[in-house]
There are 2 protein chains.
Amino acid sequence: MLGADQAHKPLGARQAQKLRTRQALLDAGLRLLEHQSLSSLGLRELTREVGVAPAGFYRHFRDMGDLGVALVEESFGSLREMVRAIRGEQAKADEVIDGTVAVIARYVREHRPHFRFIARERYGGVQPVREAIADELRLFAEELASDLAAQPESEGWSPQDVRMLADLYVDHMVMIAIAFLDVPPEHPESEEDIANIARRQLRLIRLGRSHWLDD
Amino acid sequence: MLGADQAHKPLGARQAQKLRTRQALLDAGLRLLEHQSLSSLGLRELTREVGVAPAGFYRHFRDMGDLGVALVEESFGSLREMVRAIRGEQAKADEVIDGTVAVIARYVREHRPHFRFIARERYGGVQPVREAIADELRLFAEELASDLAAQPESEGWSPQDVRMLADLYVDHMVMIAIAFLDVPPEHPESEEDIANIARRQLRLIRLGRSHWLDD
DNA sequence: CATGTCAGTGAACAACTGTCATCCCAACTG
DNA sequence: CAGTTGGGATGACAGTTGTTCACTGACATG
């Protein structure tokens, strides 16, 4: 009755199976959502794909929006690794930009369905999912803002200006990731073109940043 | 059999009525799409709202995607006026930015359902609609690029760099418009906050532009 | 005035949808 | 080893969905 054990090692075979079905539902959902949006995904369509009775869905999720929120958390979970990778490396300005674009490209390459889902549902028809994505992105922007504020280039900047720069960066990084989504996975030759444009755009923003206090 | 008359004045009462129901379908669609996405909008749900038999829908559109594409054209039709308003005025740099943000705000205020539709379906589940939106935005970016290229600030710029700047501007203007979407129409007091952030972001991009060739 | 065109109708189709009460049986608990 | 728990299956419920069809009647045309 108390849910998962406090110690997470000895997971009963009972709840292990439950988690497996839950994960199967999430995986199948992500697969089906590659070519349609969440609001048009049917409960039976999903359970049919997994091989589970329709009623079994309710053992794991209240409704489709609930599953969508779970998918948001899963997506941003793997994105958080990407963020740490960017924040970790301290290097020259151009190297930071190159590394950022490379990490975005890698993330999209390795988590394509996840990010496609995020892009599609960011302004999609299911409100709780929209809000979950907005929350995650806001959290992302706040972390980036505190990083930027700690850098010497931000000396003399007001907190509001740092935040507006962070928002600009986050919005644009999402746009970059979406651009990477369009390159066909079978032959990623055009990926370098997109990366080139993205790098120049980020460089232009950085240039604007370094002259912000020029008067 | 030849469709509409070449002279568009003497419109038969017959086809006038047809256009009226077609417009009624588009209007009702836009209304219903305010809180859901196109892929979840049902054909019967729409015809019921208009007061037309379900089969009557096919007299005007092949399917829902077809109606969606028509809505895209309608949306960008009113947006084109906004673009002309921005391109028309020639003024100091800061005034251009202020005017741009103001025009975006006005467009969203006056065509809120149209733009909400665009934002939701830009990466939504219906492929033809996605492509129609992408085409319109690409056209927009090309026009903006030719405008930018004609300005003295672009001297020495490669066409590719002008285009990457135009893409950056277009993407960000869309983000600004989406931000305006979230302000409640009943009391638009927070609109000025969003406008302030948007102006500073555009100013930062312009700053980067003016130092692009600095070395 | 007669004829044909065609936007819109109403009925019927098969397939699908979310939801529920119920039972089953493997896995846990003491 | 008994008893309880709970994930999953079953089958049925009442609606809804998109699509097709023959049709009607107001308009347009010759």
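These numbers come from a predicted model, not from an experiment. Every chain is numbered from 1, with letters handed out A, B, ... down the list of sequences.
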Trainee: Report the nucleotide, chosen from D/dA9, C/dT19, D/dT19, that has the shortest atom-to-atom distance to any side-chain atom of A/R44.
Mentor: C/dT19
Trainee: Considering only C/dA7, C/dG10, C/dT17, which nucleotide approaches the side chain of B/A53 most closely?
Mentor: C/dG10
Trainee: Taking side-chain contact (heavy atoms from CB on, under 4.5 Å) as the criterion, tell me which of A/E74, A/H60, A/R31, A/E73 meets it with A/L26.
Mentor: A/E74
Trainee: Whole angstroms only, please: what is the NZ-C1' distance between B/K18 and C/dC6?
Mentor: 8 Å
Trainee: Has B/R112 got more than 12 heavy atoms of other residues, nucleotides or ligands less than 6.0 Å from its CZ?
Mentor: yes
Trainee: Expressed in angstrom and rounded to an integer, what is the separation of B/L25 atom CG from C/dA7 atom C1'?
Mentor: 12 Å
Trainee: With DNA chain D as reference, determine whether B/R59 or B/A13 sits nearer its 5' end, using the nearest nucleotide of each.
Mentor: B/R59
Trainee: Using ring-ring contact (aromatic ring centres under 6.0 Å, His included), reason through A/Y107 and A/H111 one step at a time and then give a plain yes or no.
Mentor: CA-CA 6 Å; A/Y107 172 77; A/H111 300 88; 5.0 Å; yes
Trainee: Verify the contact: side-chain N or O of B/Y58 to OP1 or OP2 of D/dT20, cut-off strictly under 4.0 Å; return yes or no.
Mentor: no
Trainee: Given atom CD of B/Q15 and atom C1' of C/dT5, what is their separation to the nearest angstrom?
Mentor: 11 Å
Trainee: I want to verify a distance call: between D/dG18, C/dT19, C/dC20, whose nearest atom is closest to the A/A55 side chain?
Mentor: C/dC20
Trainee: Please report, rounded to the nearest Å, how far the P atom of C/dG8 is from the CZ atom of B/F57.
Mentor: 13 Å
Trainee: Decide yes or no for B/T100 and B/I176: does some side-chain heavy atom of the first lie under 4.5 Å from some side-chain heavy atom of the second?
Mentor: no
Trainee: How close or far is atom C1' of D/dT17 from atom CG of A/L43, stated in whole angstroms?
Mentor: 16 Å
Trainee: The side chain of A/V52 lies closest to which of these nucleotides: D/dG18, D/dG7, D/dA9?
Mentor: D/dA9
Trainee: Considering all heavy atoms of both residues, which atom of A/M175 and which atom of B/M175 are nearest to each other, and what is their separation?
Mentor: SD-SD, 4.4 Å
Trainee: Counting only side-chain nitrogens and oxygens, does A/T21 get under 4.0 Å of the OP1 or OP2 atom of D/dG8?
Mentor: yes
Trainee: Give the rounded distance in Å between these two atoms: CD of A/E45 and C1' of D/dT16.
Mentor: 16 Å
Trainee: D/dT16 C1' sits how many Å from B/R48 CZ, rounded?
Mentor: 9 Å
Trainee: From C/dA7, D/dT19, C/dC20, pick the nucleotide closest to the side chain of B/R14?
Mentor: C/dA7
Trainee: Please give, in whole Å, the distance from D/dT20 C1' to B/D63 CG?
Mentor: 16 Å
Trainee: Taking 4.0 Å as the cut-off, does a side-chain nitrogen or oxygen of A/H60 come that near to OP1 or OP2 on D/dG8?
Mentor: yes
Trainee: Once you apply a heavy-atom cut-off of 4.0 Å, does A/G42 come out as touching a base, just sugar-phosphate, or nothing?
Mentor: sugar-phosphate
